[in-house]
Structures are given as C-alpha cells and as structure tokens.
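These values consider heavy atoms only, across backbone and side chains, with no hydrogens, waters or symmetry-generated copies. Atoms within a ligand are numbered from 1 in the order they appear, just like the ligands themselves. All residue numbers in this chain count up from 1 along the given sequence.
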Amino acid sequence: MIVVDNLSRSFGGVFAAREVSMSVAAGEVRGVIGPNGAGKSTLFNLISGHLRPQSGTVSLGGTRIDTLPPHRRAELGIAIVFQGARVFPGMSVLENVAVGAHARTDAGALSAILRLPRHRRGESEIFADAEAALERVGLADWVSRPVTALPLGQQRRLQVARALTAKPTALLLDEPASGLRAPERQDLSRLIRELRADGITILLVEHDVAMVTSLADRITVLDLGRVIADGTPDEIRRDPAVIAAYLGKASA
Ligand code: ADP
Ligand code: MG
C-alpha cells in the first residue's frame with residue numbers, strides 16, 4: 001500500500017534518510033524504531049509530504065505521491081500525528097479537533113472560529129466530524145471541556161481524533177506514547193489495535209520496544225538514516241545488527 005523506494009534526504013550534508021526502502025501492506029501495523037536521530041521523523045515527514053526527498057519515490061496504492069503537497073496526500077488518505085504535537089490552549093476539546101480538521105480543508109481556521117456566514121455550513125459538518133472522531137477515540141464525555149483539563153494520555157487520543165477527521169487509510173503516529181504512564185500506554189495500544197481492526201494501516205514510531213513488538217506486524221529499524229533491519233518482531237529481536245545498534249544501547 002505504501003511503498004518507499006530509495007528515499008534520501010540530507011540536512012547540511014548529513015543524511016537523515018539514506019536510500020530508505022520500505023513496503024507497508026494494507027491493514028498492517030508497521031513499527032519504526034531506531035536511536036534518537038536515526039531518521040524516524042524524517043521518514044514520516046517524507047511520507048506525509050511535510051518534507052521533500054532529494055531522491056527516491058513514495059507511492060500510495062501504486063500512485064506516486066512524492067511530489068504532492070501535504071494536503072493532497074491527506075486527501076488521498078495519509079494522516080500524521082507529529083512527534084510532540086501540542087494542543088491549542090484556550091479552546092475546548094471539540095474546537096481543538098475541529099480547528100485541525102478545518103485547517104486541512106483550506107477554508108481558513110480563523111473564519112471557522114469567527115463563525116463567518118459563508119463558512120457556516122462547512123463549519124457544522126466539521127464540528128460533526130470532530131465529534132464523531134472524539135467519540136471514536138473514547139473522548140465523547142470531554143468534548144466541551146477546556147483542552148487543558150485533559151490528562152496527557154487523553155491529549156494524545158485527541159491528536160489521534162484530529163487525524164481521524166481526515167478519514168485516513170494510513171495513519172502515521174510519531175511517538176504517540178512518549179511521556180505516558182503504563183496504563184495510558186495500554187489504552188493507546190488498545191486504540192491502535194481497534195483502528196487497525198477498522199482497516200486503517202498504521203505506521204508507529206515508538207521507543208518502548210515491548211509496546212512496539214506487541215503491536216506491530218513488522219518492524220523497520222533505522223540507524224543513521226539507513227534501514228538496518230526489517231522483519232517480524234521476532235526476527236528483529238534476534239537480529240545482531242539491531243542488537244548492536246539499538247537494543248544493546250537501550251538496555252545498557
Ligand atoms: P528521529 O526521529 O529518529 O529521532 P529525525 O528524523 O528527527 O530522527 O532526525 C534525523 C537527523 O536529521 C538528525 O541528525 C537530525 O538532527 C536531522 N534533522 C532532522 N530534521 C532536520 C531539520 N529540519 N534541519 C536540520 N537537521 C534535521
Ligand atoms: Mg523523531
């Protein structure tokens with residue numbers, strides 16, 4: 001479904017992605033792991049269109065998408081939750097999700113908030129979508145609460161809800177569990193499994209090796225911008241290159 005072929009991107013001469021190739025099947029949960037600075041976020045941003053590659057291609061369902069801007073890729077079904085994504089303080093939970101959805105429609109988030117007449121119809125649809133997405137992630141009881149009332153685990157679910165308003169076929173989650181406590185991680189794992197059961201393909205960057213091996217069908221391991229291993233969680237756990245580059249360090 002998502003095919004990344006020989007993708008390279010450097011910053012000031014240092015490769016953040018170096019000839020990265022990866023093929024993700026529809027309905028799969030793909031874990032992406034690697035040490036800090038390995039190029040995980042760069043890879044996700046190259047897939048979502050927030051970064052352009054210097055060489056290589058990205059295809060979705062057989063169609064090249066690597067020259068398309070992010071909003072076009074979003075229309076084709078790719079949604080991303082950025083690493084460290086923040087909420088907008090001073091707004092309700094519902095408004096937070098609606099503003100994200102509205103920004104993507106290109107109609108201008110500000111006019112939605114100001115309730116300008118020409119956007120009124122579009123606006124009500126956006127709020128309905130936002131509410132449905134919040135229900136989907138289990139935040140129905142929180143819609144009118146100030147967003148700052150949400151514990152961190154719920155804020156992460158809100159970010160997922162915002163991404164779901166685009167009705168994605170592929171959802172890229174960049175460290176959604178960072179900073180979460182064990183029960184919140186388990187809740188998030190459950191949500192990811194449910195989304196997969198709904199037919200959404202999921203790409204997940206996650207540092208918690210136990211969490212990613214329990215969730216992922218396959219794992220891609222990056223180090224210094226390169227793919228150093230790609231396989232089932234069992235294969236990855238046993239891979240000497242992975243142990244040397246990553247798992248060894250993590251447990252040291
Ligand atoms: P990861 O997500 O695996 O921690 P990143 O993709 O964020 O890694 O970063 C990979 C490398 O690329 C790092 O060396 C980082 O400093 C560099 N890098 C990433 N984004 C930028 C940028 N916008 N400008 C300059 N260097 C960047
Ligand atoms: Mg990162």
Side-chain angles (χ1 to χ4, degrees), residues 2-24 29-58 65-71 73 78-87 152-153 155-156 159-160 162-163 168 170-180 184-185 188-189 192 202-213 215-216 218-231 233 236-237 239 241-252:
I2 294 178
V3 177
V4 167
D5 189 34
N6 251 303
L7 213 53
S8 293
R9 169 74 203 217
S10 62
F11 295 103
V14 177
F15 279 95
R18 185 160 205 159
E19 293 159 11
V20 172
S21 294
M22 177 173 80
S23 182
V24 181
V29 174
R30 171 63 58 99
V32 177
I33 66 173
N36 278 332
K40 305 179 296 293
S41 296
T42 298
L43 174 61
F44 273 23
N45 287 318
L46 287 167
I47 295 172
S48 69
H50 294 89
L51 272 178
R52 294 295 176 89
Q54 274 137 350
S55 58
T57 62
V58 182
I65 59 168
D66 46 82
T67 59
L68 300 177
H71 73 272
R73 300 192 205 192
I78 294 182
I80 182 165
V81 175
F82 293 110
Q83 181 174 2
R86 304 251 183 98
V87 296
L152 190 61
Q155 289 191 17
R156 295 292 163 74
Q159 303 291 358
V160 173
R162 190 185 276 156
L171 179 59
L172 281 51
L173 301 172
D174 193 348
E175 300 200 21
S178 77
L180 299 190
E184 294 174 320
R185 282 170 183 269
L188 188 65
S189 292
I192 290 170
I202 291 162
L203 280 72
L204 172 69
V205 171
E206 178 47 53
H207 276 290
D208 180 342
V209 175
M211 179 175 167
V212 77
T213 52
L215 276 174
R218 294 181 70 83
I219 295 175
T220 299
V221 188
L222 297 176
D223 189 29
L224 302 173
R226 291 182 187 276
V227 175
I228 60 164
D230 192 312
I236 293 305
R237 259 194 297 256
D239 190 298
V242 177
I243 293 164
Y246 183 57
L247 299 177
K249 276 184 218 162
S251 62

* Asked: Is the shortest distance from a heavy atom of Gly34 to ligand 1 less than 4.0 Å?
  -> no
Atom indices of ligand 1, in the order listed, that fall short of 4.0 Å to a heavy atom of [X]:
X: Asn36; result: 4 (O)
X: Thr42; result: 5 (P), 6 (O), 9 (O), 10 (C), 19 (C)
X: Ala38; result: 1 (P), 3 (O), 8 (O)
X: Ala16; result: 10 (C), 11 (C), 12 (O)

* Near Ile228 CD1, under 6.0 Å, is it more than 12 heavy atoms from other residues, nucleotides or ligands? -> yes
* **Check: Gly37 N/O within less than 3.5 Å of ligand 1 N/O** => yes
* Asked: N/O to N/O below 3.5 Å, does that happen between Phe11 and ligand 1?
  -> no
* Establish whether atom 11 (C) of ligand 1 and some protein heavy atom are separated by less than 4.0 angstrom. => yes
* Mark whether atom 1 (P) of ligand 1 lies under 4.0 angstrom from at least one protein heavy atom. => yes
* Check the side chains of Asn6 and Ser21 for a donor-acceptor pair under 3.5 angstrom, ignoring hydrogens and angles. => no
Approximate separation, where rounding is to 0.5 Å, of [X] [atom1] and [Y] [atom2]:
X: Ser178; Y: Asp208; atom1: OG; atom2: CG; answer: 11.0 Å
X: Leu222; Y: Met22; atom1: CG; atom2: CE; answer: 8.0 Å
X: Ser8; Y: Glu19; atom1: OG; atom2: CD; answer: 5.0 Å
X: Leu203; Y: Thr220; atom1: CG; atom2: OG1; answer: 8.0 Å

* Structure fact -> atom 7 (O) of ligand 1: closest protein heavy atom, distance to 0.1 Å, is Ser41 CB, 3.8 Å
* Where is the nearest protein heavy atom to atom 8 (O) of ligand 1: which residue, which atom, and how far? -> Gly39 N, 3.2 Å
* Asked: Is a side-chain donor or acceptor of Arg218 paired with a backbone partner of Val24 at a separation under 3.5 angstrom?
  -> no
* Any N/O/S atom, backbone or side chain, of Gln83 lying under 2.8 Å from the Mg ion (ligand 2)? -> yes
* State whether Ser41 contributes an N/O/S atom found under 2.8 Å from the Mg ion (ligand 2). => yes
* Asked: Going through the distances and angles, do Phe82 and His50 end up as a ring-ring contact (aromatic ring centres under 6.0 Å, His included)?
  -> CA-CA 10 Å; Phe82 293 110; His50 294 89; 4.8 Å; yes
* Asked: Could you go step by step and tell me if Arg156 and Glu175 meet the side-chain contact (heavy atoms from CB on, under 4.5 Å) rule?
  -> CA-CA 10 Å; Arg156 295 292 163 74; Glu175 300 200 21; over 6 Å; no
